[in-house]
> 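Pasting a structure here, questions to come.
The shown structure was predicted, so the numbers you read here are calculated from the model rather than taken from an experiment.
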Amino acid sequence: MNRCIIVMVLLLVTATSVLTACSPDDEPITENPVTPVPNLEEPGNNDNSGNGNNDSGNGNGNHENNEGENEMNRNITVRVGGRSFAVTLEDNATARAFTALLPMTVTMNEMNGNEKYHYLSENLSTDSNRPGTIRNGDLMLYGSNCLVLFYETFSSSYSYTRLGRLDNPSGLASALGRGNVTVTFETSNN
């Protein structure tokens with residue numbers, strides 16, 4: 001009888017912990033999500049940051065250069081331990097908002113033997129959908145502030161906003177290890 005009670009309690013504790021981290025009920029409710037915007041130079045700002053591009057509204061601005069200001073660098077690097085992984089970001093508002101937060105170094109928590117997650121301090125805009133299959137190397141946002149890096153491929157019915165994907169996730173699982181891990185996200189120069 002006592003064994004049965006102990007087994008039931010252990011099952012209840014295990015089920016509770018599995019269902020609470022990044023669960024569908026965990027999505028924060030926000031009326032106005034914060035969307036960080038890259039710090040673009042405003043007209044009349046005298047800080048050129050040494051780039052030599054000071055179009056102060058003289059009327060001969062190049063349209064092609066103006067478009068480049070709004071384009072985001074879709075390449076970032078994920079560093080964990082001694083390994084670096086190139087990531088190509090999606091061309092969406094969530095990925096642009098995420099890029100504005102970089103560089104960042106965070107502790108990512110282990111979840112289910114297939115992902116690492118970290119709650120961001122800010123909410124990002126979302127456009128979530130159910131991908132059906134999560135792939136090794138997917139970088140996604142759960143809810144509006146739960147950053148998730150997947151290191152296994154599996155089926156899922158959860159909804160995520162896609163941020164990007166590692167170009168070559170080979171070795172990601174071994175680099176991340178089994179427990180919580182420190183991960184750095186930073187923009188790439190190429």
> Quick one: CG on Leu149 to CE on Met108, what's the gap to the nearest 0.5 Å?
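Rounded to the nearest 0.5 Å, the CG-CE separation comes to 5.5 Å.
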> Which residues pass the side-chain hydrogen bond (donor to acceptor under 3.5 Å, both in side chains) test with Thr77, sequence neighbours left out?
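Thr77: side-chain hydrogen bond (donor to acceptor under 3.5 Å, both in side chains) contacts with Ser188.
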> Using only atom types and a distance under 3.5 Å, with no angle test, would you say the side chain of Asn112 pairs donor to acceptor with the backbone of Asn114?
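A pair under 3.5 Å: no.
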> Rounded to the nearest 0.5 Å, how far apart are OG1 of Thr107 and OH of Tyr119?
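One finds 15.0 Å between OG1 of Thr107 and OH of Tyr119.
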> Please list, chain by chain and in numerical order, all residues satisfying side-chain hydrogen bond (donor to acceptor under 3.5 Å, both in side chains) with Thr184, sequence neighbours excluded.
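So Thr184 forms a side-chain hydrogen bond (donor to acceptor under 3.5 Å, both in side chains) with Thr105.
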> Does the ring center of Tyr117 lie less than 6.0 Å from the ring center of Phe150?
no
> Using only atom types and a distance under 3.5 Å, with no angle test, would you say the side chain of His118 pairs donor to acceptor with the backbone of Leu147?
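Side chain of His118 to backbone of Leu147, a donor-acceptor pair under 3.5 Å: no, none is there.
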> Examine distances only and state if a side-chain atom of Thr126 and a backbone atom of Ser128 form a donor-acceptor pair shorter than 3.5 Å.
no
> What I'd like to find out is whether the side chain of Phe185 reaches to under 4.5 Å of the side chain of Leu139, using heavy atoms alone.
yes
> Side chains of residues 171-181: which donor-acceptor partners sit under 3.5 Å, not counting sequence neighbours?
residue: Ser174; atom: OG; partner: Gly171; partner atom: O; Å: 3.1
residue: Asn180; atom: OD1; partner: Glu110; partner atom: N; Å: 3.0
residue: Asn180; atom: ND2; partner: Asn109; partner atom: OD1; Å: 3.2

> Side-chain donor-acceptor contacts of residues 81-88 below 3.5 Å, not counting sequence neighbours, with atom names and distances?
residue: Arg83; atom: NH2; partner: Ser170; partner atom: O; Å: 3.4
residue: Ser84; atom: OG; partner: Arg79; partner atom: NH1; Å: 2.4
residue: Thr88; atom: OG1; partner: Asp167; partner atom: OD1; Å: 2.7

> Among residues two or more places apart or on two chains, list those pairs meeting salt bridge (charged side-chain N to carboxylate O under 4.0 Å, His left out) that have a residue in residues 140-164.
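The answer is Asp138-Arg162.
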> Determine yes or no for a side-chain-to-main-chain donor-acceptor pair under 3.5 angstrom, with Ser155 supplying the side chain and Thr133 the backbone.
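Not a single qualifying donor-acceptor pair exists.
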> Could you tell me whether a side-chain N or O of Arg130 sits under 3.5 Å from a main-chain N or O of Ser157, the two making a donor and an acceptor?
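Yes, the answer is positive, given that a donor and an acceptor are paired below the 3.5 Å cut-off.
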> With side chains defined as the heavy atoms from C-beta onward, is the minimum distance between Thr182 and Val106 less than 4.5 Å?
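Sidechains of Val106 and Thr182: no contact.
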> Closest approach of Asp127 and Thr94, non-hydrogen atoms and distance?
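Answer, listing the atom of Asp127 first, then Thr94: N-OG1, 4.3 Å.
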